[in-house]
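So the structure is just underneath, and the comments pick up after that.
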Amino acid sequence: MPERTIDFGKYGAQGIKGFEAVARQLDALADFIASPVTTRRGLLARLHYLTRTSRARAAAREAGLTVTDRTLKAWLAGTRNPTKRNLTRIDTAYRAVRRQNVARYLLARLNREGRGTRVEIHPLNQSGVRPPHQRVVEFRTLNIRRWGAIVEAWAAGDDQALDDAWIEQIVDLGSQWGQYEYVTNVGFAA
């Protein structure tokens, strides 16, 4: 779409892409393990989540955690510690598997049998923009009824599809939709 912001931040505006804010909010709803993977507790929690069923193990392998069962047992027993690279792989695999497992539940929760979920869009921060270049961008609320494409792209970790799905939903803002491509935050409680 030619209306998309090409030169964001040129005059000092601050914000993030709307789809990134939506992904953050969905991550918060997914309720990931709070302890970092670098702690023993966080590592064990993630490893147990990734190894408790054969389906979880297969999903972890698909997500990039390709270590032998012997290595996994050693990590779980505490006789060996994963390298930094493997810690990153464990966390990435955990997040991917958790997203896949939670996606169906979140979709039903956000769609609410066709009623949708009210979304608050907080505009970008223009405190660093000189007054002649500031534009009026107000706080907006929007009811999104079709979350399927958004949740599917989030679960797959596909940023481009998530961006497209988000832009498709905020087109309902009329001619102002382009002003909300970059935001400070997107909030919704489902």
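Note that these values count all heavy atoms, side chains included, but never hydrogens, waters or copies made by symmetry.
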Main-chain N/O of Trp147 paired to Asn111 side chain as donor or acceptor, under 3.5 Å: yes

What ring pair (Phe, Tyr, Trp, His ring centres under 6.0 Å) pairs are there with at least one residue in residues 96-119, not counting sequence neighbours? none

For Gln126, all residues meeting side-chain contact (heavy atoms from CB on, under 4.5 Å), sequence neighbours excluded: Leu124, Val129, Gln134, Arg135, Val137

Can you name the ring pair (Phe, Tyr, Trp, His ring centres under 6.0 Å) partners of His133, sequence neighbours left out? Tyr11

Is any side-chain heavy atom of Arg140 less than 4.5 Å from a side-chain heavy atom of Val183? no

Is there a side-chain contact between Asp163 and Asp159, using heavy atoms and a 4.5 Å cut-off? no

For Asp69, salt bridge (charged side-chain N to carboxylate O under 4.0 Å, His left out) partners two or more places apart: Arg61

Please lay out, stage by stage, how Trp166 and Ile144 fare under the test side chain to side chain contact (heavy atoms under 4.5 Å, CB included). CA-CA 10 Å; Trp166 173 246; Ile144 296 181; 3.6 Å; yes

Looking at Tyr94 and Ile33, would you say the former's side chain and the latter's main chain have a donor-acceptor pair under 3.5 Å? yes

If you measure from CD1 on Ile150 to CD on Glu168, what distance do you get to the nearest 0.5 Å? 8.5 Å

d(Asp27 CG, Arg99 CZ) to nearest 0.5 Å is 4.0 Å

Where is the tightest heavy-atom contact between Gln100 and Ala59, given as atom of each residue plus distance? OE1-CB, 4.1 Å

Around atom CZ of Arg70, are there more than 12 heavy atoms of other residues, nucleotides or ligands at under 6.0 Å? no

Inter-residue atom distance Asn143.CG - Phe188.CZ, 0.5 Å rounding: 12.5 Å

I'd like to check Leu50 versus Leu72 (side-chain heavy atoms, cut-off strictly below 4.5 Å). Are they in contact? no

What's the shortest heavy-atom distance between Ala56 and Thr53, and which atoms? N-OG1, 3.0 Å

Quick one: does Thr141's side chain get under 4.5 Å of Val119's, heavy atoms only? no

Considering residues at least two apart in sequence or located in another chain, which fulfil the ring pair (Phe, Tyr, Trp, His ring centres under 6.0 Å) criterion with Trp154? none

Side chain to side chain, Leu107 and Glu152, heavy atoms closer than 4.5 Å: no

Listed partners of Arg89 passing salt bridge (charged side-chain N to carboxylate O under 4.0 Å, His left out), at least two apart: none

A side-chain contact here means heavy atoms from C-beta on lying under 4.5 Å apart; do Val186 and Glu20 qualify? no

May I ask you to test the Glu181-Lys17 pair for a side-chain heavy-atom distance under 4.5 Å? yes

Hey, what do you get for CZ (Phe139) to OG1 (Thr184), rounding to the nearest 0.5 Å? 11.0 Å

Nearest 0.5 Å, please: how far is CG in Leu106 from OG1 in Thr117? 10.0 Å

Return the minimal non-hydrogen interatomic distance between Leu47 and Leu76, and the atom names on each side. CB-CD2, 3.6 Å

Please report the closest heavy-atom contact between Arg112 and Arg109, naming both atoms and the distance. CG-O, 3.0 Å

Please check if Val97 and Leu29 belong to a single hydrophobic cluster, counting links between Ile, Leu, Val, Met, Phe, Trp and Tyr side chain heavy atoms closer than 4.5 Å. no

Looking at every non-hydrogen atom in both residues, tell me the closest pair between Ala93 and Ala63 and how far apart they are. CA-CB, 3.7 Å

Would you say that more than 12 heavy atoms from the other residues, nucleotides or ligands in this model lie under 6.0 Å from the CZ of Arg85, or not? no

If I take atom CZ from residue Arg46 and atom OG1 from residue Thr92, how far apart are they, to the nearest 0.5 angstrom? 10.0 Å

Quick check on Arg118: does its CZ atom have over 12 non-hydrogen neighbours (other residues, nucleotides or ligands) under 6.0 Å away? yes

If Ile, Leu, Val, Met, Phe, Trp and Tyr residues are connected whenever their side-chain heavy atoms lie under 4.5 Å apart, and connections chain through other members, are Phe32 and Leu26 in the same group? no

